[in-house]
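The first residue of the sequence shown is numbered 1, and numbering continues consecutively from there.
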Amino acid sequence: MNIFENLKKYVLLKSLRESALHLYDFNDVSVIERKDGLWGVMHKDGDEIVPFGKYDLIEPFYMGLARVKIGKASVGKSENHGKYCWGIINIYGEEVVPVEYTELWQFHLKQKSRIRLAKDVSYSWLNLYDIAPYPYNIETDNNGCIIDAEYLDAIRVDYRNDDIMDAFDGDPDAMWNID
């Protein structure tokens, strides 16, 4: 690639970033909504990772993954249920969860690693660590230490703070002698 092509890509990316309706950066990639309402993903060097318009919504990346939607219908209105589908892409633009789910829990704002999926009325659970690209698929504890996968699965199945707090309606005094 010659210097003029690199310069052209740089100017295009700079222009897209400056005029974006929405812009979400994650490491070397940016999720951009253009002025015309089309969403895409660009690499910092100006290469297009996800073509603009392929998805009707691309949410910010978390753990190297982003929730995507096809269908322009508004989310949250019962009359629109089934008029859109959800899926998940990775930072390389690959669909790691096909865009065929009527529900797919949001994870980037909540920083959740386990989410619920639904096709119509059939529900299942997905651990994002199972599909996240390296190095985002390495699970760590609160101190940043890598956790043994078998130990983590045992914790997840037995006692999770969210589940325990839900069981006691958020009353920390009710959580006695759990360990």
Side-chain angles (χ1 to χ4, degrees), residues 5-6 8-140 156 160 162-163 166:
E5 290 177 18
N6 285 338
K8 184 178 174 183
K9 287 192 315 184
Y10 172 78
V11 170
L12 173 64
L13 179 60
K14 187 174 187 316
S15 173
L16 283 170
R17 290 179 63 81
E18 289 174 354
S19 64
L21 294 176
H22 290 94
L23 174 68
Y24 307 109
D25 290 324
F26 180 83
N27 292 358
D28 293 341
V29 300
S30 298
V31 174
I32 301 171
E33 181 187 14
R34 295 188 320 202
K35 283 192 258 186
D36 60 4
L38 298 179
W39 291 84
V41 179
M42 302 282 292
H43 191 270
K44 72 175 181 178
D45 66 9
D47 288 332
E48 190 176 67
I49 296 171
V50 175
F52 286 89
K54 181 175 182 178
Y55 302 106
D56 295 308
L57 174 68
I58 303 173
E59 292 186 345
F61 282 94
Y62 172 69
M63 292 176 51
L65 303 168
R67 186 170 79 148
V68 296
K69 180 181 89 147
I70 292 179
K72 297 213 183 263
S74 298
V75 177
K77 296 182 178 182
S78 59
E79 65 269 16
N80 289 341
H81 187 74
K83 294 181 181 176
Y84 50 82
C85 292
W86 295 99
I88 298 175
I89 61 171
N90 63 22
I91 56 173
Y92 308 110
E94 302 163 336
E95 280 186 17
V96 291
V97 172
V99 183
E100 58 188 31
Y101 291 88
T102 53
E103 289 181 41
L104 194 149
W105 281 5
Q106 185 182 68
F107 50 88
H108 81 277
L109 286 176
K110 300 176 183 180
Q111 297 189 354
K112 296 281 187 181
S113 61
R114 189 167 184 256
I115 60 169
R116 190 167 82 168
L117 309 154
K119 282 186 185 178
D120 299 315
V121 295
S122 176
Y123 290 92
S124 61
W125 289 90
L126 173 66
N127 183 349
L128 295 180
Y129 287 108
D130 294 339
I131 60 170
Y134 176 82
Y136 312 105
N137 63 349
I138 297 174
E139 298 181 71
T140 59
R156 198 176 279 128
R160 292 181 52 228
D162 292 344
D163 297 333
D166 288 345

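- If you take CG on D25 and CE on M42, they are separated by 12.0 Å, rounding to the nearest 0.5 Å.
- Taking 4.5 Å as the limit, every side-chain heavy atom of V41 sits out of range of all side-chain heavy atoms of K54.
- In terms of heavy-atom proximity, L128 sits nearest to K112 at CD1-O, 3.4 Å.
- A 4.5 Å side-chain heavy-atom check between D28 and I91 finds every atom pair outside the cut-off.
- Here the shortest heavy-atom pairing between L13 and H43 reads CD2-O, 3.5 Å.
- Using a 4.5 Å heavy-atom threshold, the side chains of R114 and W105 count as separate.
- Y84 and S74 get closest at one heavy-atom pair: CE2-O, 3.7 Å.
- For the side chain to side chain contact (heavy atoms under 4.5 Å, CB included) with W86, the lone residue among L57, T102, V68, V99 that qualifies is L57.
- Within the 4.5 Å cutoff, side-chain heavy atoms of R34 are placed close to those of F52.
- The CZ atom of R67 sits 8.0 Å away from atom NE2 of H108, with the distance rounded to the nearest 0.5 Å.
- In this structure, F107 and Y62 have tilted ring planes: the angle between them lies in the 30° to 60° band.
- Closest non-hydrogen pair, G37 versus L21, comes out as N-CD1, 4.4 Å.
- Between the SG atom in C85 and the CD1 atom in I70 there is a gap of 7.5 Å [rounded to 0.5 Å].
- Shortest non-hydrogen contact noted between I49 and G93 is CG2-N, 3.5 Å.
- To the nearest 0.5 Å, the span separating NZ on K35 from OG on S15 amounts to 7.0 Å.
- How far CD1 of I58 is from CG of L38: 10.0 Å, rounded to the nearest 0.5 Å.
- In this structure, CD in E59 is found 11.0 Å from NE2 in H22, a value given to the nearest 0.5 Å.
- When all heavy atoms of L65 and P133 are compared, the closest pair comes out as CD2-CD, 4.0 Å.
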Using salt bridge (Lys or Arg N to Asp or Glu O under 4.0 Å), reason through K69 and D56 one step at a time and then give a plain yes or no.
CA-CA 6 Å; K69 180 181 89 147; D56 295 308; over 6 Å; no
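- Taking the centre of each ring, F26 and Y136 come in below the 6.0 Å mark.
- Salt bridge K9/E5: absent, no basic N to carboxylate O contact under 4.0 Å.
- Inter-residue side-chain proximity for I115 and I88 is flagged as met; some heavy-atom pair is nearer than 4.5 Å.
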